> 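Would you mind keeping the following structure in view while I ask a few things?
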Amino acid sequence: MSTTSSISAPAADLSGADTGLAGVPVTDVTLKRRDFASDQEVRWCPGCGDYSILSTFQGMLPKLGIKKENAVVISGIGCSSRFPYYMNTYGMHTIHGRAPAIATGLAVSRPDLAVFVMTGDGDALSIGGNHLIHAMRRNVNLTILMFNNQIYGLTKGQYSPTSEAGSVTKSSPMGSVDYPFNPLSVALGAGCSFVARALDSDRKGLDETLTTAAHHRGTSFVEIYQNCPIFNDGAFDDYKGPEAAERIVRLVDGEPILLGADRSKGVVRDPVNGSLTVTEVAQVGMDHVVVHDATRPDPSLAFELAHLHDSGQISQIPLGILRSASLPTYDDMVRDQLRLAGGSADDKPARDAALQQLLRGNDTWQVHN
């Protein structure tokens with residue numbers, strides 16, 4: 001651990017039950033990005049989007065106001081999973097696809113920790129798909145960042161679960177015939193309470209999304225479009241540079257969903273079939289433009305927004321928070337059950353009786369000789 005400054009910092013209010021950082025100790029010193037950077041050489045390919053994500057993440061952590069030793073980074077296998085080596089926090093480089101499972105155990109047993117999972121599209125959605133969806137289904141208090149470069153980078157360029165149909169790779173020389181996953185759709189379908197998408201080169205938007213995700217209580221899933229300059233270079237170029245404003249739909253809770261640099265088009269609901277479509281605002285009026293509501297318990301609007309691009313309705317992609325619903329978390333409920341089963345700490349006979357009741361339950365038999 002590096003030595004941190006002794007200058008007092010204003011304590012963030014993290015005591016509320018509605019924040020993912022409730023119970024995590026607050027730091028009494030001013031922390032900076034460099035305090036969260038390890039002394040290890042960062043070994044990604046030149047131009048990799050992982051550099052930007054790492055820098056943004058390290059810069060975001062001090063703003064959370066938590067102690068450095070109470071932040072934990074868990075990763076699986078892949079280029080993104082080298083993350084723990086580059087963080088001056090506790091962490092663990094686990095095995096392929098199992099990071100959500102290990103992080104779940106940590107979150108349940110240590111409510112004083114802020115637990116972050118770093119994974120890639122192959123690690124999370126292929127061998128790790130089962131672990132990912134069940135962490136999201138349970139609404140464990142985790143922040144999961146999935147780097148999506150639409151390729152297997154570490155193993156040298158095979159197509160992944162998110163590669164576009166027709167992708168020519170080392171494992172699909174005639175073009176992939178697989179239908180790709182929509183990660184946002186997978187997360188929403190699993191019941192994930194916080195679902196968002198960000199872009200590696202959009203430093204401001206990525207920082208805001210990660211900060212909000214960390215404060216959410218429950219499973220936060222953030223898909224990050226991340227460029228792989230070696231095996232899938234330029235996959236997201238349409239959403240970068242001078243034309244980016246025309247190609248991105250920025251979702252802001254409580255605001256109309258508008259498109260284009262001049263915001264002249266809007267997302268509206270078709271009065272005949274009820275589906276979302278895009279039209280000129282001047283033709284229908286602002287009153288007919290759909291207002292984004294990320295906090296609604298029903299994820300149907302978020303699901304529709306996640307599929308606007310897939311359906312061909314728009315050529316743009318939505319960026320930002322699609323869903324941020326308040327739901328009970330798995331780890332909080334498990335700890336409540338443990339307290340109930342344990343009885344009062346001041347009443348030993350009651351605790352013993354509670355333990356016996358838990359062990360014996362109703363399915364017991366008396367065997368007489």
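Predicted, not measured: the structure shown is a model, and the values here were computed from it. The first residue in the sequence is number 1, and the count goes up from there.
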> Without hydrogens or angle criteria, can the side chains of Thr162 and Asn148 be said to hold a donor-acceptor pair below 3.5 Å?
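Side chains of Thr162 and Asn148: pair found under 3.5 Å.
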
> Going from CD1 on Ile102 to OG1 on Thr94, what distance comes out if it is rounded to the nearest 0.5 angstrom?
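Taking CD1 in Ile102 and OG1 in Thr94, the distance rounds to 4.0 Å.
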
> Could you tell me whether the side chain of Ile53 reaches within less than 4.5 Å of the side chain of Gln226, counting heavy atoms only?
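Gln226 vs Ile53: side chains touch.
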
> List the steps, then state whether side-chain hydrogen bond (donor to acceptor under 3.5 Å, both in side chains) holds for Arg203 with Thr56.
CA-CA 7 Å; Arg203 183 68 176 259; Thr56 303; 3.0 Å; yes

> So how far is it from Leu251 CG to His292 NE2, rounded to the nearest 0.5 Å?
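Here the rounded value is 4.5 Å.
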
> Quick check for you: to the nearest 0.5 Å, what is the distance between Tyr159 atom OH and Ser167 atom OG?
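Result: 10.0 Å between the selected atoms.
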
> Please name the pair of heavy atoms, one in Ser81 and one in Met118, separated by the smallest distance, quoted to 0.1 Å.
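That would be OG-O, 3.8 Å.
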
> From the options Asp50, Val42, Asp39, select the one residue that forms a side chain to side chain contact (heavy atoms under 4.5 Å, CB included) with Tyr86.
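The option that passes is Val42.
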
> Can Asn139 and Ser193 be counted as having a side-chain donor-acceptor contact under 3.5 angstrom?
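Ser193 and Asn139 do have a side-chain donor-acceptor pair below 3.5 Å.
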
> Can you confirm whether Arg98 sits close enough to Ile77 that some side-chain heavy atom of one is under 4.5 Å from a side-chain heavy atom of the other?
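They are not in contact (no side-chain heavy atoms under 4.5 Å apart), so the answer is no.
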
> Does the side chain to side chain contact (heavy atoms under 4.5 Å, CB included) test come out yes or no for Tyr152 and Ser163, once each step is laid out?
CA-CA 9 Å; Tyr152 277 107; Ser163 297; over 6 Å; no

> What's the shortest heavy-atom distance between Ala196 and Thr209, and which atoms?
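Smallest heavy-atom distance, with atoms named: CB-CG2, 3.7 Å.
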
> Quick one: do Asp238 and Glu243 satisfy side chain to side chain contact (heavy atoms under 4.5 Å, CB included)? Show the steps, please.
CA-CA 7 Å; Asp238 285 346; Glu243 304 301 321; over 6 Å; no

> Measure the CZ-NE2 distance between Arg82 and His93 for me, rounded to the nearest 0.5 Å.
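Answer rounded to 0.5 Å: 7.5 Å.
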
> Measure the SG-CG distance between Cys192 and Leu322 for me, rounded to the nearest 0.5 Å.
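It comes to 11.0 Å.
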
> Is the shortest side-chain N to carboxylate O distance from Asp200 to Lys240 below 4.0 Å?
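A salt bridge links Asp200 with Lys240.
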
> Side chains of Asp178 and Ser176 only: does a donor on one sit below 3.5 Å from an acceptor on the other?
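Side chains of Asp178 and Ser176: no pair found under 3.5 Å.
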
> Say whether Thr329 and Asp332, considering side chains only, have a donor N or O and an acceptor N or O under 3.5 Å apart.
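There is such a pair (donor and acceptor under 3.5 Å, judged by atom type) between the side chains of Thr329 and Asp332.
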
> Show your working on side-chain hydrogen bond (donor to acceptor under 3.5 Å, both in side chains) between Asp121 and Ser160 and close with a plain yes or no.
CA-CA 7 Å; Asp121 48 307; Ser160 82; 2.5 Å; yes

> Please report the closest heavy-atom contact between Gly218 and Asn141, naming both atoms and the distance.
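Of all heavy-atom pairs spanning Gly218 and Asn141, the closest is N-OD1, 3.0 Å.
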
> Taking all non-hydrogen atoms of both residues, which atom of Pro299 and which atom of Leu188 are closest, and how far apart?
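Shortest heavy-atom separation between Pro299 and Leu188 comes out as CB-CD2, 4.4 Å.
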
> Work out which heavy atom in Arg296 is nearest to a heavy atom in Arg323; give both atom names and the distance.
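Smallest interatomic distance, heavy atoms only, reads O-NE, 4.2 Å.
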
> Step through the shown structure and confirm whether more than 12 heavy atoms of other residues, nucleotides or ligands are within 6.0 Å of CD on Gln337.
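Counting neighbours around CD of Gln337, 12 or fewer heavy atoms of other residues, nucleotides or ligands fall under 6.0 Å, so no.
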
> Flag the pair Thr295 / Asp293 as yes when at least one side-chain heavy-atom distance between them is below 4.5 Å, and no otherwise.
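Yes, close enough: below the 4.5 Å cut-off.
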
> Which of these, Tyr51, Phe36, Phe147, sits in a ring-ring contact (aromatic ring centres under 6.0 Å, His included) with Phe83?
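Exactly one pass, corresponding to Phe147.
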
> Does one side chain, of Gln58 or Arg33, offer a donor that lies under 3.5 Å from an acceptor on the other?
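There is such a pair (donor and acceptor under 3.5 Å, judged by atom type) between the side chains of Gln58 and Arg33.
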
> Could you check if a side-chain atom of Ile224 sits within less than 4.5 angstrom of a side-chain atom of Leu199, using non-hydrogen atoms only?
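Answer no - side chains too far apart.
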
> Is atom CD of Glu164 surrounded by more than 12 heavy atoms (other residues, nucleotides or ligands) closer than 6.0 Å?
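No, not enclosed.
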
> Starting from the C-alpha separation in whole Å, work towards a yes-or-no answer on side chain to side chain contact (heavy atoms under 4.5 Å, CB included) for Leu132 and Ile144.
CA-CA 9 Å; Leu132 178 70; Ile144 302 174; 3.9 Å; yes

> Give the intermediate values and the outcome of salt bridge (Lys or Arg N to Asp or Glu O under 4.0 Å) for residues Glu246 and Lys265.
CA-CA 11 Å; Glu246 294 290 343; Lys265 294 182 179 180; over 6 Å; no

> Throw together a table of side-chain donor-acceptor distances under 3.5 angstrom for residues 229-236, partners on residues two or more places apart or in other chains.
unit_1, atom_1, unit_2, atom_2, d
Asn232, ND2, Asn149, O, 2.8
Asp233, OD1, Asn227, ND2, 2.9

> Hey, are Lys348 and Asp352 close enough for a salt bridge, meaning a charged N less than 4.0 Å from a carboxylate O?
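Asp352 and Lys348: salt-bridged.
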
> Any side-chain heavy-atom pair from Val29 and Leu31 closer than 4.5 angstrom?
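The answer is yes, as the side chains (C-beta and beyond) meet within the 4.5 Å cut-off.
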
> Once you round to the nearest 0.5 Å, how far does CZ of Phe194 lie from OG1 of Thr143?
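That separation rounds to 8.5 Å.
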
> Identify the two heavy atoms, one from Ile321 and one from Ala294, that lie closest to each other, and give their separation to 0.1 Å.
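Here Ile321 and Ala294 meet closest at O-CB, 4.0 Å.
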
> Inspect the contact between Glu208 and Lys204 and indicate whether a charged nitrogen and a carboxylate oxygen are less than 4.0 angstrom apart.
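Yes.
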
> Under the side chain to side chain contact (heavy atoms under 4.5 Å, CB included) criterion, do Ile248 and Leu259 qualify, and how do the steps go?
CA-CA 7 Å; Ile248 291 174; Leu259 292 74; over 6 Å; no

> For a quick check under 3.5 Å, do Ser52 and Ser55 share a side-chain donor-acceptor pair by atom type?
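Their side chains do not contain a donor-acceptor pair, so the 3.5 Å distance test is not met.
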
> Less than 4.0 angstrom from a charged side-chain N to a carboxylate O is my criterion; do Arg250 and Asp202 meet it?
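Here Arg250 pairs with Asp202 in a salt bridge, since their nearest N and O are under 4.0 Å apart.
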
